[in-house]
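One structure is given here, and the rest of the page talks about it.
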Amino acid sequence: MFNVENIRKDFPILSRTVNGKPLVYFDNAATSQTPQQVIDVIVDYYSNYNANIHRGVHTLSQEATDKYEQARKKIQTHFNAKLAHEIIFTSGTTHGINLIANGFSSFLKKGDEIIVSALEHHSNIVPWQMLCERTGAILKVIPMNLDGELIMTEFDKLLSDKTKLVFVNHVSNALGTVNPIEYIIEKAHGVGAAVLVDGAQSSPHIKPDLQALNVDFYVVSAHKMCGPTGVGMLYGKEAWLKKLPPYQGGGEMIAEVTFEKTTYAELPHKFEAGTPNICGGIAFGAAIDYMNAIGFDTIAKYEHELLEYATNKLLEIDGLKIYGTSKHKTAVISFNLEGIHPYDVGTILDKLGIAVRTGHHCAQPIMDFYKIPGTVRASFSFYNTKSEIDVLVEGVKKAKTMLS
Amino acid sequence: MIVSITDIQNEIIDEFSMFEDWEERYQYMIDLGKDLPLIDDQYKTDSNIIKGCQSKVWVHAEMNDEKLVFTADSDAIITKGIIAILIRVFSNQHPKDIIDAETDFIDKIGLKEHLSPTRANGLGSMIKQLKLYAIAYQTQLK
């Protein structure tokens, strides 16, 4: 039985105060908080079996290696990848995206096309622009409508035999829109293009079945799903990962080195040069265990309740406008008060102990689309409560009074 | 007779010490932000812009009788209020005094957080810009 008050006890940070007020943490889309169960795993690692992995014959190294590889298995099971070596540990989503963009350099030629969506985060636009500069490929953009949804009929028109790669986020970070990736994957495969899905914003709320999706690549960050920063996952179909050249050279990723030639290691090590974030990987596994113990169906249902409650309450405020009004969205509300800069609202809310994100959310093209400098974004997690939303609503009203 | 930068800063510290809580302090800044038409529209150009990640700040400087006069503006009202305070301190002063001025009065009125680089509102860069203008005009005076 889901009991939010019990869940909250797992998160020590939720009992602190900010500016003399109880913390209301609504910046979950930027990073999620960490439960004691995950913190304990981090402490246990450094207290009991900190060692470099995959090379030592000594006991500590063996223990660390076992835990690290167990974590890979947990991640594989969670995302339902076919093979454990299709899971590559990365430093996070951005690393995963750059790894693929870099790898595709050798597959693309002048005139080839890459399709991205208008809903992308900067980290999802820049690597592709760089890839296009290197290869002469052309970047095409799937446009969005006023609700913040991608227009699929326009996507259909962009597809052709020139399309080599389609890149889209599963959920938009700025607006929370859940994109129809099933449709996008199927259509892209129809013209022989590969698909990379950014799961940074979906993975805290949705448990994707990567085999059923038939997606070629999927990337996530642990810190959005109750894990630590600096670690993430790149999933790639085995055939693709074998074909892609290594991204970084170094230890771990080689089989044999002479000055004449180096043979690369087998998957997944080919893409894991150097000493990885061992503790982070193990803690990522623990975070996945933690979320699964609550259950993603339970999480999704509860967060949807929070979203509806907050949407209704906020819309009662005169002059408040919500950006991103798709029927399919995660628990994210991006909004502005008429005539008031989001920075001012965020500043007042901070004084009241409420953490929200303000600004363009690294998604300037979306802000340009709506012709606004940015928004205030409240993003909810399963450990948030309706009474916290009440605090937010009162805070927004207060900000409005002070700033009008 | 120009009131010195230090005297103005002390005046402001005194004023702020009368506020009981953050709300009064912020309401005062918001009101300052609202009241002051800070910059002539012709100077709200891209070359006068200091881009923060979140709010924009425009600054214009001109010399008047060996004193440097600043006008500035922002699209966010709290940022604008802080600008009004900065203008009150630094505008209408000799470039040399602006260059030599300390800025720790900002800590003393509880606004330090707004000038940290992570705050991304352009204000940290604004003080630097005011001082750079002063250096440039000081060179001219010599």
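Naming: A, B, ... by sequence-line order, numbering from 1 per chain. Values below: all heavy atoms of this structure, side chains included; hydrogens, waters and symmetry mates excluded.
Within 6.0 Å of CD on B:Glu102 lie no more than 12 heavy atoms contributed by other residues, nucleotides or ligands. For B:Asp14, the CG atom counts as densely surrounded, since its 6.0 Å shell holds more than 12 non-hydrogen atoms of other residues, nucleotides or ligands. Within a 6.0 Å radius of CG in A:Asp318, no more than 12 heavy atoms belonging to other residues, nucleotides or ligands are found. More than 12 heavy atoms of other shown residues, nucleotides or ligands fall within 6.0 angstrom of atom CE in B:Met63. The number of heavy-atom neighbours closer than 6.0 Å to NZ of A:Lys21, taken from other residues, nucleotides and ligands shown, is above 12. The environment of B:Lys96 atom NZ is sparse: at most 12 non-hydrogen atoms of other residues, nucleotides or ligands sit within 6.0 angstrom.
Annotation for A:His341 and B:Asp75: closest pair NE2-OD2, 3.3 Å, computed over non-hydrogen atoms. Considering every non-hydrogen atom in both B:Glu23 and A:Lys398, the closest pair reads OE2-NZ, 2.8 Å.
Contacts between A:Thr401 and chain B at a heavy-atom distance below 4.5 Å are absent for every atom of the residue. When heavy atoms are compared at a cutoff of 4.5 Å, A:Ile340 does not approach chain B at all. Within the 4.5 angstrom heavy-atom criterion, atoms from both the backbone and the side chain of B:Ile78 approach chain A.
Between atom CD1 of residue B:Ile77 and atom CD1 of residue A:Ile348 there is a gap of 11.0 Å, rounded to the nearest 0.5 Å.
Taking 4.5 Å as the limit, every side-chain heavy atom of A:Asp344 sits out of range of all side-chain heavy atoms of B:Tyr26. Side-chain contact between B:Thr79 and A:Tyr343 is present, with at least one heavy-atom pair separated by less than 4.5 Å. By the 4.5 Å heavy-atom criterion applied to side chains, B:Arg25 and A:Lys351 are counted as neighbours.
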